[in-house]
Every structure is written in C-alpha cells, then in structure tokens.
Amino acid sequence: MSDIPKDHPRYISLMTRERIVEGVDIGITSQQGLVAQGRGECFDYLVGERTTTSAFLAEKVAVCMLLLAKRPVLSVNGNAAALVPEFLVELSELVGAPLEVNLFHRSDERVERIISYLKQKGASEVLGGKGDARLSLDHGRAIVDSDGIYKADVVLVPLEDGDRCQKLVDMGKTVIAIDLNPMSRTSRTASVTIVDNVVRALANMVGLATELKKLDPFELQNIVKEYDNGRILSESVREIRDGLDGMIIDM
C-alpha cells in the first residue's frame, strides 16, 4: 500500500481506495470494481462520510432480520471481500449466516481466490464454489449455490446491482442492500436499504449483532415491524440535501 500519512484529511477514503487496488493486485477484485468504488465514494461525500440516523436504523433492523431468519446468507463480491473481510466473517458468526461468493464478473479462479481469502481471515464456511443453481439472470450473478442464496430467506447484498436484487425479491426473499445511492434501483427494490459506506455499515452491524443477540425473538420482531424502507429512503435523500445546503452556507 502507498505510504499515506494518518493526518491526511482524506486518510480513511484514500486507504479504502488502496484496499480496492490491493484486491485487484491479488486477484479478488475486478478492475471494474475500481469504478464502482469511485461511484460510491461520490455518494459517501454527499452523506458527509458518516453513518446517518436513517442508515443506523436500517442497520439495526437488518441485524434483527438476520437474527430472525431461518436461512440467512451474506453475499460477498470482490469489493466487499477486499474492504471488509474481517467484519463479514464476524457478522457471519454472530448471526449464523454463511458467506457466499457471488460475482458479476465471475470466473471459477476468482471465486476460489475469494473463498480462500475469506478462510484466511477466519471464515469457517464459504459457499459459492459449487454454483449448482441459477437465478433467472443473464450474467455471472445468476450462478449461486443451491444450499445458499438459492434457498435463503434473508440475503445481505453489499454493493449490489439492481437486477439481482429484483430477482431475489421476486423469489420471495428479504433482501438487505448496502448502497450509498438512495435513488438507485437496488435501493428502491430492496426490503431494507442501508445508505452507508460498507466499511462503516458492517462495523456497525457487528456491534449491533453483539447487543441484539441478547433480545428474544418477540423483541426483535417488534423492531422489524416498525420499519418503513420508503420512509428511510426519503430521509436519506433529505439528509443528503441538508448536507449540501450546509456546504453552500459555509462557502
């Protein structure tokens, strides 16, 4: 990695970029992932590079859903593997959800590299290598494991694209998306949309899972019952607008 001084005002953002570049270098992240990272970084700037109130509520509800699920799965792509492998492993253990590698730019070699990388980070179970079931899509994300995403009732999809999100919802699954753009097709399609940087979101969800595991199912269900994703998306847009207004006033 580049030698970036910790007192640099953009240190966290620059280090996140470096992790994506490193992911490309070791073969777990596609080059297209660099573009996706840049797009997300733009929206992260608009939300003030912080977890907003609406995002934290969505993260809390998402954890409740994962804890209540019968067959939860955490989907992993190349960017997520590069950015938050330890958090993915820890959340997987806390909520009892296996990790499954699922890629748009899929190759057997890259799937195996990501599986191996996640196991190096402590994962005990990583699906995605069998690829013995298909979603009704015309790209690599159609390929899933029959005992993983295909049968899951709740799927966490960090850094998602809209068509797979729509297909999973059409199959009757609860889809939790992490997407910094509240206006994207993914955000508008998902059951729960977390408008937050995946690094902050997964860290928050690990902390929340540690606490929420102490609640009984009835208490978790009450938290979920009050959730309205449309309202959360509206609040996310308002938070972006308020942030922009603040920037203009400060100019």
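Scope of the values below: all heavy atoms of this structure, side chains included, with no hydrogens, waters or symmetry mates. In what follows, residues are counted from 1 in the order of the sequence shown.
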What closest approach, in Å, do [X] and [Y] show between heavy atoms, and which atom pair accounts for it?
X	Y	result
T189	R185	OG1-O, 2.6 Å
A190	A177	CB-CB, 3.7 Å
F87	V206	O-CG2, 3.7 Å
N204	E59	ND2-OE1, 3.0 Å
A62	M205	CB-CE, 3.9 Å
L103	G78	CD2-N, 3.6 Å

Q: Take N102 and S75 through the test side chain to side chain donor-acceptor pair (under 3.5 Å) and record every step on the way to the result.
A: CA-CA 6 Å; N102 184 260; S75 182; 4.5 Å; no

Establish, from distance only, whether the side-chain atoms of [X] and [Y] form a donor-acceptor pair under 3.5 Å.
X	Y	answer
R238	S54	no
T53	E239	no
R50	N197	no
S187	S184	yes
T193	N229	yes

For the backbone of [Y] and the side chain of [X], can you confirm whether one donor and one acceptor N or O come within less than 3.5 Å of each other?
X	Y	result
E100	D145	yes
S92	A97	yes
E93	E90	no
D179	V195	no
R106	R141	no

Rounded to the nearest 0.5 Å, what's the gap from [atom1] on [X] to [atom2] on [Y]? Could you check?
X	Y	atom1	atom2	value
Y150	K173	OH	NZ	8.0 Å
L168	L137	CG	CG	8.0 Å
K121	S116	NZ	OG	11.5 Å
T174	I176	OG1	CD1	7.5 Å
K213	C64	NZ	SG	12.5 Å
R110	I115	CZ	CD1	12.0 Å

Taking side chain as C-beta onward, heavy atoms only, is [X] less than 4.5 Å from [Y]?
X	Y	value
E86	L202	no
D132	V144	no
P182	I240	yes
F56	T52	no
L220	L212	yes
E211	V63	no
T186	V157	no

**Q.** Derivation and outcome, side chain to side chain contact (heavy atoms under 4.5 Å, CB included), residues L156 and I178
**A.** CA-CA 8 Å; L156 171 68; I178 301 175; 4.1 Å; yes

Flag yes if [X] and [Y] sit in one hydrophobic cluster, no otherwise; membership is Ile, Leu, Val, Met, Phe, Trp, Tyr, and two members link when side-chain heavy atoms are under 4.5 Å apart.
X	Y	result
L127	L94	no
Y117	F104	no
V175	I143	no

Q: Could you check L99 against V89 for side chain to side chain contact (heavy atoms under 4.5 Å, CB included), going step by step and ending with a plain yes or no?
A: CA-CA 8 Å; L99 304 172; V89 170; 4.2 Å; yes

How about [atom1] on [X], more than 12 heavy atoms from neighbouring residues, nucleotides or ligands closer than 6.0 Å, or not?
X	atom1	value
D108	CG	no
D228	CG	yes
K60	NZ	no

Q.
Taking K167 first and then D163, would you say they form a salt bridge - that is, a charged N and a carboxylate O separated by under 4.0 Å?
A.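 Salt bridge flag = no for D163 with K167.
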
Q.
Salt bridge check, D196 against R200: does any charged N sit closer than 4.0 Å to a carboxylate O?
A.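 Judged by the 4.0 Å cut-off on N to carboxylate O distance, R200 and D196 do form a salt bridge.
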
Q) Checking side chain to side chain donor-acceptor pair (under 3.5 Å) for the pair D170/Q166: CA distance, chi angles, key distance, verdict? A) CA-CA 6 Å; D170 290 345; Q166 181 68 65; 2.9 Å; yes

(Q) Test side chain to side chain contact (heavy atoms under 4.5 Å, CB included) on E226 and V61; report intermediate values, then the result. (A) CA-CA 9 Å; E226 299 297 320; V61 170; over 6 Å; no

Q: Apply the test side chain to side chain contact (heavy atoms under 4.5 Å, CB included) to residues V169 and R164: give CA-CA distance (whole Å), side-chain angles for both, the deciding distance (0.1 Å), then the verdict.
A: CA-CA 9 Å; V169 170; R164 184 177 67 136; over 6 Å; no

